[in-house]
Novice: 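Got a structure here, written out as structure tokens. Questions coming.
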Number of protein chains: 2
Amino acid sequence: MLFFTQCFGAVLDLIHLRFQHYKAKRVFSAAGQLVCVVNPTHSLKYAPTLCAAAQVSTEQGILPPCHHHEAVHDPQLLPCTCPLFSCAWEGHLEVVVSHLRQTHRINILQGAEIVFLATDMHLPAPTDWIIMHSCLGHQFLLVLRKQEKYEGHPQFFATMMLIGTPTQANNFTYRLELNRNQRHLKWEATPRSILECVDSVISDGDCLVLNTSLAQLFSDNGSLAIGIAITTSKVHSSEDEM
Amino acid sequence: MLFFTQCFGAVLDLIHLRFQHYKAKRVFSAAGQLVCVVNPTHSLKYAPTLCAAAQVSTEQGILPPCHHHEAVHDPQLLPCTCPLFSCAWEGHLEVVVSHLRQTHRINILQGAEIVFLATDMHLPAPTDWIIMHSCLGHQFLLVLRKQEKYEGHPQFFATMMLIGTPTQANNFTYRLELNRNQRHLKWEATPRSILECVDSVISDGDCLVLNTSLAQLFSDNGSLAIGIAITTSKVHSSEDEM
């Protein structure tokens, strides 16, 4: 009996996932666009003061040491850490992607244009929705964060970070788009480097910011579909042409 | 001596205005686009509860009576009032535009695409920046409002209202665009009818919302340039074709 109940549950989950995929595809109505369902992670890490160290060491291209509450130890003992999770891991920039995939199970998606479908938007802050995006020969980290900068007033912050140096980041432009009920919101900017620390990008407000009412207007049944596109920025393109 | 000081002040003001025009034109770099410098008005009116009456009478096409602190009496005694200012005026929808121009000195601009340059963004909330926009045979009211929905946390809300009925409003799409320092933010939506009350649109958050940090990122020397465009919506266009 338990077996049947579990099977039935699994089938229901699959149907629900399929349904969400279908809805997101319908919203963006772009043939061949990859839809990725992203589940939330309740954030345990809040140490924005550690970002000062990140800013200082950015020029040397070394990721700063961060000390968090929850320690997911990695056998490697290289001098850098993962920028998002409560994690004592240290390593070089080149191995950040494999660390995020392996230790934190962050999905990586291929393609110039994808749809990020964040589920369970109603969950209380602090909550993160995270994926990696592989595109134009680089890896990007998309972070959607629900956070209460002001008590009792949760907001959503969405940004894209290049898993690379600030100089490399300047060569790209990322676009985040929301579409629903004849409303359209688009944010375009240069991605920040992962060396700059996602916490400081969000506390500066240099990202797509949605308050709860706007997030609800764009959500469908508790899920928010964000269309993502990355292009090489114009400056870079003209340099290429020269 | 006083005369010379005043003259010098006036010349400085003109130079400053000219400089702001030039900067806004450079930001949007669209030849022939009209730039309108909009000065703030400290808002004295805050009566969101009165909007319930507006919603009820919308279907009859009658503007609701509003009772505000500051009374600017109009000799007309028709059954409606101006939706924005603290004003005891009453009149029909057809005469709202002339009332706003004559009594409240709100400028009206012609053209499908204009640049709204709001000055003195640092002024404390509540503050409004307002112009009317005449386009496609209709008049629209653009409202930028600085308001503290949450104490100590001012936000900017920008929306466009049609000076017409909700049915007429459904035929249009308005676009608000911000551009600066390789950042781009675009909001597109159907304008709301002025009969729906601007206060309720802002309290619903169904508009372009900027927190202070985003507004600062897009501002130049305390002024925010918003590119505005109005088009007939697709549904309407296809109906026209039929």
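Keep in mind the model is a prediction, meaning the values are calculated, not measured. A note on names: the letters A, B, ... follow the listed sequences, proteins ahead of strands, and every chain is numbered from 1. Reckoned from all heavy atoms, side chains included, excluding hydrogens, waters and symmetry mates.
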Novice: Measure B/F218 against the heavy atoms of chain A and call it side chain, backbone, both or neither at under 4.5 Å.
Specialist: side chain
Novice: When only pairs under 4.5 Å are counted, which of A/N181, A/D206, A/L176, A/T190 shares the most heavy-atom pairs with chain B?
Specialist: A/D206
Novice: So which of B/T212, B/L210, B/L208, B/V209 has the largest heavy-atom pair count under 4.5 angstrom toward chain A?
Specialist: B/V209
Novice: Please flag which part of B/Q155 lies under 4.5 Å from any non-hydrogen atom of chain A: side chain, backbone, both or neither.
Specialist: side chain
Novice: Which bit of A/N211 is near chain B, if near means a heavy-atom gap under 4.5 Å: side chain, backbone, both or neither?
Specialist: side chain
Novice: For the residue pair B/G205 and A/S213, what are the closest heavy atoms and their distance?
Specialist: CA-OG, 3.7 Å
Novice: Is the A/H153 ring parallel, tilted or perpendicular to the B/H153 ring (thresholds 30°, 60°)?
Specialist: tilted
Novice: When B/K186 is tested against each of A/R175, A/K186, A/E188 for side-chain contact (heavy atoms from CB on, under 4.5 Å), which residue passes?
Specialist: A/K186
Novice: Under a 4.5 Å heavy-atom cut-off, does chain A meet the side chain of B/L217, its backbone, both or neither?
Specialist: side chain
